[in-house]
Amino acid sequence: MNDFMIETTQLTKMYGGQKAVNCVDLHVRKGRVYGLLGRNGAGKTTIMKMILGLTPITSGEVSVFGQNIKGREKRVYPRIGAIIETPGFYPNLTGTENLEIFARLRGTAAPNAVKDALEIVGLPYKDKKLFSKYSLGMKQRLGIANAILHDPELLILDEPTNGLDPIGIAEMREFIRKLSVEHGKTILLSSHILSEIAVLADEIGIIDHGVLLEETSMAELEKKNSKYILLEVSNVPKATLILERQFGLKDYSVQGDQTLRIYDTALDMAAVNKALVMQNIAVASSQLCNDTLEDYFKKITGGEGIA
Amino acid sequence: MLKLIQIEFMKLRRRKLVWLMLLASLVMPFFAFLYYGYFGKTGIDPAAFYKWSAFGYTMLIILPFVLGMLCTILMYNENRYDMLKQLWIVPVSRLGYFFSKFFVVLIYSVCFMLITAIASVLFSVLPGYVVFEWGSIFFLMKKCLEIALFTAFAMLPVLAVTASQKGYILSVCITLIYAFAGFFMTPINMYLHPLSCVSVIVSRSGDIPGLTLPQAVHAPVAILGIFLWSVAATLFAMVTLNRRK
């Protein structure tokens, strides 16, 4: 038996004649944070909706907690907390009143569940401010509070930092990590913000035009991402000549008039610098670089970066 | 279901319009008071007064319109603010969701007609137009409860349509058309429109003076008419709610 909390097999969604999600095989392991990364409209929300049974699947299968969700909603949903798109609440009620409604609907047993959930996301308990007066960030926090209200094992968070200010984003990231590390929650989150996924996710799925292009762990990704030495010199043709002749270097690329990328990171840079300076080539800088997630994203989607 | 109904009432907090609409229940009793006051009659037949105050425009226009407005209010927030998907993953069943709203409409309808009944008694007995007697009050209460119950069922099509609307303008327009259609269709065919069927059921015993119906009264046919409309409305609502995710 595998330890996947969510597993999809050849998951496909068609809208009219267009494939919004195309044969996606997703694997979310227990206790891990899975980041679904993709541009706006890539199919992230549709996948989440299909996982939750909120939209019909055209073909393929979804398994949550090792079972198909259809027909088992009453048993499965109480174990899931989710926010899909912008969470909506009753505008004529306060945040506390809104959560009390959901707590009653879920039959949440913990007496302080609403208070605790609000405290966790940094919203006041029994505040008189109506939801209609909430800022976008406060609405998002209330959505998260609603998702964690019943202490679910699995959280499905669609763009959880949408609308938050920079401090709010940092707090939310810390909070999500805490939920995973300290409380052992399994989290599937989507984002179009690369840095967010890079900071939060243990595992990553890159989706583009409905196709899951890559599914890997962040640790694997870091290994895969090429390291190189970025060398800035006054005379590139002369420098390449020296590198080839003196150091036998072949694995390099010229990036511009004054920049070289050397992919052999084991090269003795002190000796290279010395050799170049001896030949009257000024070395403006030499540094060890790593491909960023954005570089990787560009590489595998074959296009522009996203954030 | 009881929990869902209680929650529906929790959602109505600070909705002043819901409570203000109850004032509409006083409109016809007040006009009846003015009407009989103008002629200065006393000792009139209680049923004749109550026909004016409760069994006339209150039943045909005011109550259906008020209930239609309530249906719109009950459905508006969840449709407008895209809340249904949050409710489905609680999970709340579509049928439970729809019928919890219906029961709120039913309770509201009963409250509305009870206020109408009490106001009718007060506006008729206190000025001395009608002699106080328990028999006529029980008759009024019975008829008001019948109106409340059957009109609530007759409003199920409106509740189903409002479930499919994100805005409120179309819902209010549909409510108006629905209420007036019932009013104008009664002389043509009493068994086609659910609100006409309510008139048939209420006047089945012929004990409301002056209320004449153009066709022969068959209460079971009228009940069947309301039932068929209710089933159709529920099916429509289920299809709509399944689509709204």
Worksheet item: Can you say whether A:Thr94 sits under 4.5 Å from chain B via the side chain, the backbone, both, or neither, judging by heavy atoms?
Response: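 Both backbone and side chain.
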
Worksheet entry | Heavy-atom contact with chain B under 4.5 Å, split by part of A:Phe102 |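 When you check distances to chain B, only side chain atoms of A:Phe102 fall under 4.5 Å.
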
Worksheet item: Is there side-chain contact between A:Thr45 and A:Glu85, with heavy atoms separated by less than 4.5 Å?
Response: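 Heavy-atom side-chain distance check passes, below 4.5 Å.
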
Practice prompt. Check each atom of B:Val90 against the heavy atoms of chain A and say whether the ones under 4.5 Å are side chain, backbone, both or neither.
Written response: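 For B:Val90, backbone and side chain are both near chain A.
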
Discussion item. At a 4.5 Å cut-off on heavy atoms, which part of B:Leu4 comes close to chain A: side chain, backbone, both, or neither?
Written reply: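 For B:Leu4, the contact with chain A is made by the side chain alone.
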
Worksheet item: In terms of ring plane angle, is the pair B:Tyr97 and B:Trp88 parallel, tilted or perpendicular, where the classes change at 30° and 60°?
Response: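 B:Tyr97 and B:Trp88: perpendicular rings.
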
Worksheet item: To the nearest 0.5 Å, what is the distance between CG (A:Asn40) and CD (A:Glu159)?
Response: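 CD of A:Glu159 is found 6.5 Å from CG of A:Asn40.
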
Discussion item. Heavy-atom pairs under 4.5 Å with chain B - which of A:Ile80, A:Leu130, A:Ile83, A:Val76 has more of them than the others?
Written reply: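 Looking at each option in turn, the highest pair count goes to A:Leu130.
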
Discussion item. For B:Tyr178 and B:His193, I'd like to know if the aromatic rings sit close, meaning centre-to-centre distance below 6.0 Å.
Written reply: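 So the answer is yes for these two rings.
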
Worksheet item: Does a donor on one side chain and an acceptor on the other come within less than 3.5 Å for A:Tyr125 and A:Lys115?
Response: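 There is no such pair between these side chains.
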
